[in-house]
Amino acid sequence: MEWLMNPWPWYVGGAIVAVVMLLLILLGKTFGFSSNFRTMCSALGGGKSCEFFRFDWKSQQWNLMFLLGTIIGGFLSVQFLSNGEAPDIATATVEKLHNLGFASAGTSYYPTEIFEIWSLKNIAILAIGGILVGFGTRYAGGCTSGHAISGLSDLQLPSLIAVIGFFIGGLVMVHVLFPLIF
Amino acid sequence: MKRLIYILLGVVFGMAMYKAEAASWFRIYEMFNFQSFHMYGFMATALLIGVIGTQWIKKSDAKDIDGKKIVIQPKSNSIKRYLYGGVFFGMGWALIGACPGPIFALIGAGVLPMVLVAVFALLGTYLYGIIRDKLPH
């Protein structure tokens, strides 16, 4: 059981995600997590004010079930499959983060400086981050699951362009904007 | 019954994202600093299996569980929407350290600020729906 309780290696995580994607294809579906945001907008009545949300969202209920499962999976991981070990990130990364003011680097799963203090600045970070994720995924027509995993597995050029975009955005955020934000 | 299959697949996915640390803000930061192979190995493994499996499904004319021929819709050709949209998403991904799947895995894990992130992600998607006609695609 110890191997289950310890952090899982990257090749186990990557393999599971690929198998999940392939099973969804065999079930006649497409792996794409961020589509759920559009589905939820539609289910909440977004179609009344915006044509983009006027579609048969009930046909996407399977994906909402998948989302529900993902929440349960996170819950089970922490409650029953965790020994509380922090990700063993690179020493150089820990050092860099300490210099940025993240004392929790190397000892926590997530930076407690952002996720455990309800300051105005943190709320702004969460809000802006959320908007960027929701806006960007729909603009790009997919997120890491739809483009980086499904799309690239299908050798789709648009997905490669999207993934290049993900990296440009991520590199700009971490290297140009982080020093200004933190 | 079928609903249960999707819930179970989601459970396995959520556990893999959390336990293999793809849901860790620190792993995403480390990836964008190119200081570890972890996330690259994660994606490379997924792609190795994903490419072989997807191409095999396409070549074998496989049918899905309902007996329908599996057709994977190609994505429409464009550069602008994928690049611009991708940059917006990438910035959000790096800032909150989670893509959409992990946002919900972390909610389950009890990281409550992620609920706020999810609400604003819904708003972001709604914003896209309103202004999409004015955006270059």
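In what follows, chains are A, B, ... by sequence order, proteins preceding strands, each numbered from 1.
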Note: vs chain A, highest number of non-hydrogen pairs under 4.5 angstrom among B:V12, B:V119, B:I5, B:L9 is B:L9

Comparing B:A46, B:S78, B:G110 against chain A, the one with the most heavy-atom pairs below 4.5 Å turns out to be B:A46

Relative to chain A, which segment of [X] carries a heavy atom at a distance below 4.5 Å: side chain, backbone, both, or neither?
X: B:V111; result: side chain
X: B:A23; result: both
X: B:R81; result: both
X: B:S24; result: both
X: B:M17; result: both
X: B:L122; result: both
X: B:I28; result: neither

Please give me the minimum heavy-atom distance between [X] and [Y], naming the atom from each residue.
X: A:T137; Y: B:P100; value: CG2-CG, 4.1 Å
X: B:I7; Y: A:I72; value: CG2-CD1, 4.1 Å
X: B:G86; Y: A:A140; value: N-CB, 3.5 Å
X: A:L126; Y: B:P113; value: CD1-CB, 3.6 Å
X: A:S153; Y: B:L47; value: OG-CD2, 3.8 Å
X: A:G129; Y: B:I96; value: CA-CG2, 3.9 Å

Which bit of [X] is near chain B, if near means a heavy-atom gap under 4.5 Å: side chain, backbone, both or neither?
X: A:T30; result: neither
X: A:S104; result: both
X: A:S145; result: neither
X: A:L171; result: both
X: A:L76; result: side chain
X: A:I117; result: neither
X: A:F31; result: side chain
X: A:L160; result: neither
X: A:L152; result: both
X: A:Q79; result: neither

- Can we call the ring centroids of B:Y29 and A:F102 under 6.0 Å apart? no

Worksheet item: Can you check whether B:F104 and A:F33 have ring centres sitting under 6.0 Å from each other?
Response: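 Centroid distance B:F104-A:F33: below 6.0 Å, so yes.
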
Taking atom [atom1] as the centre, does [X] end up with more than 12 heavy-atom neighbours from other residues, nucleotides or ligands that are less than 6.0 angstrom away?
X: B:R3; atom1: CZ; answer: no
X: B:L4; atom1: CG; answer: yes
X: A:F115; atom1: CZ; answer: yes
X: B:K68; atom1: NZ; answer: no
X: A:L155; atom1: CG; answer: yes
X: B:K80; atom1: NZ; answer: no

Check: Is there a side-chain contact between A:V133 and B:C99, using heavy atoms and a 4.5 Å cut-off?
Finding: no

Between B:N33 and A:H175, is any pair of side-chain heavy atoms under 4.5 Å apart? yes

Working to the nearest 0.5 Å, report the span between [atom1] of [X] and [atom2] of [Y].
X: B:E30; Y: A:D88; atom1: CD; atom2: CG; value: 8.5 Å
X: B:L106; Y: A:Y110; atom1: CG; atom2: OH; value: 9.0 Å
X: A:T144; Y: B:W93; atom1: OG1; atom2: CH2; value: 5.0 Å
X: B:D64; Y: A:K29; atom1: CG; atom2: NZ; value: 8.0 Å
X: A:I128; Y: B:M91; atom1: CD1; atom2: CE; value: 9.5 Å
X: B:I103; Y: A:I71; atom1: CD1; atom2: CD1; value: 11.0 Å

Residue, of [options], that accumulates the most heavy atom pairs under 4.5 Å with chain B:
options: A:L67, A:N122, A:I168; answer: A:L67
options: A:G142, A:P158, A:G28; answer: A:P158
options: A:W118, A:F75, A:F66; answer: A:F66

message = Please tell me whether B:F13 and B:L8 are part of a single hydrophobic cluster in this structure, the criterion being side-chain heavy atoms less than 4.5 Å apart.
response =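 Hydrophobic grouping puts B:F13 apart from B:L8.
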
Is a side-chain donor or acceptor of B:K75 paired with a backbone partner of A:G151 at a separation under 3.5 angstrom? no

Hey, does the side chain of B:T125 reach the backbone of A:R38 with a donor-acceptor pair shorter than 3.5 angstrom? no

* To do: Could you label the plane-to-plane angle of the A:F178 and B:W25 rings as parallel, tilted or perpendicular, counting under 30° as parallel and over 60° as perpendicular?
  =>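 Judged by the thresholds at 30° and 60°, the geometry between A:F178 and B:W25 is parallel.
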
- Task: Give the ring-plane orientation class for B:F89 versus A:F166, where under 30° counts as parallel, over 60° as perpendicular and anything between as tilted.
- Result: perpendicular

- Message: What verdict does the side chain to side chain contact (heavy atoms under 4.5 Å, CB included) test give for A:H147 and B:Y82, after you've listed the backbone C-alpha separation in whole Å, the side-chain angles of each residue and the deciding distance to 0.1 Å?
- Response: CA-CA 10 Å; A:H147 279 309; B:Y82 299 111; 3.7 Å; yes

Next item on the list: Report the C-alpha distance between B:F26 and A:Y109 in whole Å, list the side-chain angles of each, state the deciding distance to 0.1 Å, and finish with yes or no for ring-ring contact (aromatic ring centres under 6.0 Å, His included).
Entry: CA-CA 7 Å; B:F26 291 122; A:Y109 192 91; 8.6 Å; no

Name the atoms and distances for all side-chain donor-acceptor pairs under 3.5 Å in residues 40-52 of chain A, with sequence neighbours left out.
from	atom 1	to	atom 2	distance (Å)
A:S42	OG	A:F53	O	2.9
A:S49	OG	A:G46	O	3.4
A:S49	OG	B:Y126	OH	2.4

Check: Where along residues 48-59 of chain B does a heavy atom come under 4.5 Å of chain A, listed by residue number?
Finding: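 Near chain A, by residue number: B:I49, B:G50, B:V51, B:G53, B:T54, B:Q55, B:I57, B:K58.
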
The ring-ring contact (aromatic ring centres under 6.0 Å, His included) partners of A:W62 (sequence neighbours excluded) come to B:Y6

Query - CA sep, side-chain torsions, deciding dist, call: A:Y139, B:R132, side chain to side chain contact (heavy atoms under 4.5 Å, CB included) - result: CA-CA 8 Å; A:Y139 193 175; B:R132 68 192 281 259; over 6 Å; no

Name the atoms and distances for all side-chain donor-acceptor pairs under 3.5 Å in residues 5-26 of chain A, with sequence neighbours left out.
from	atom 1	to	atom 2	distance (Å)
A:N6	OD1	A:N83	ND2	2.8
A:N6	ND2	A:E2	O	3.4
A:W8	NE1	A:L4	O	3.0

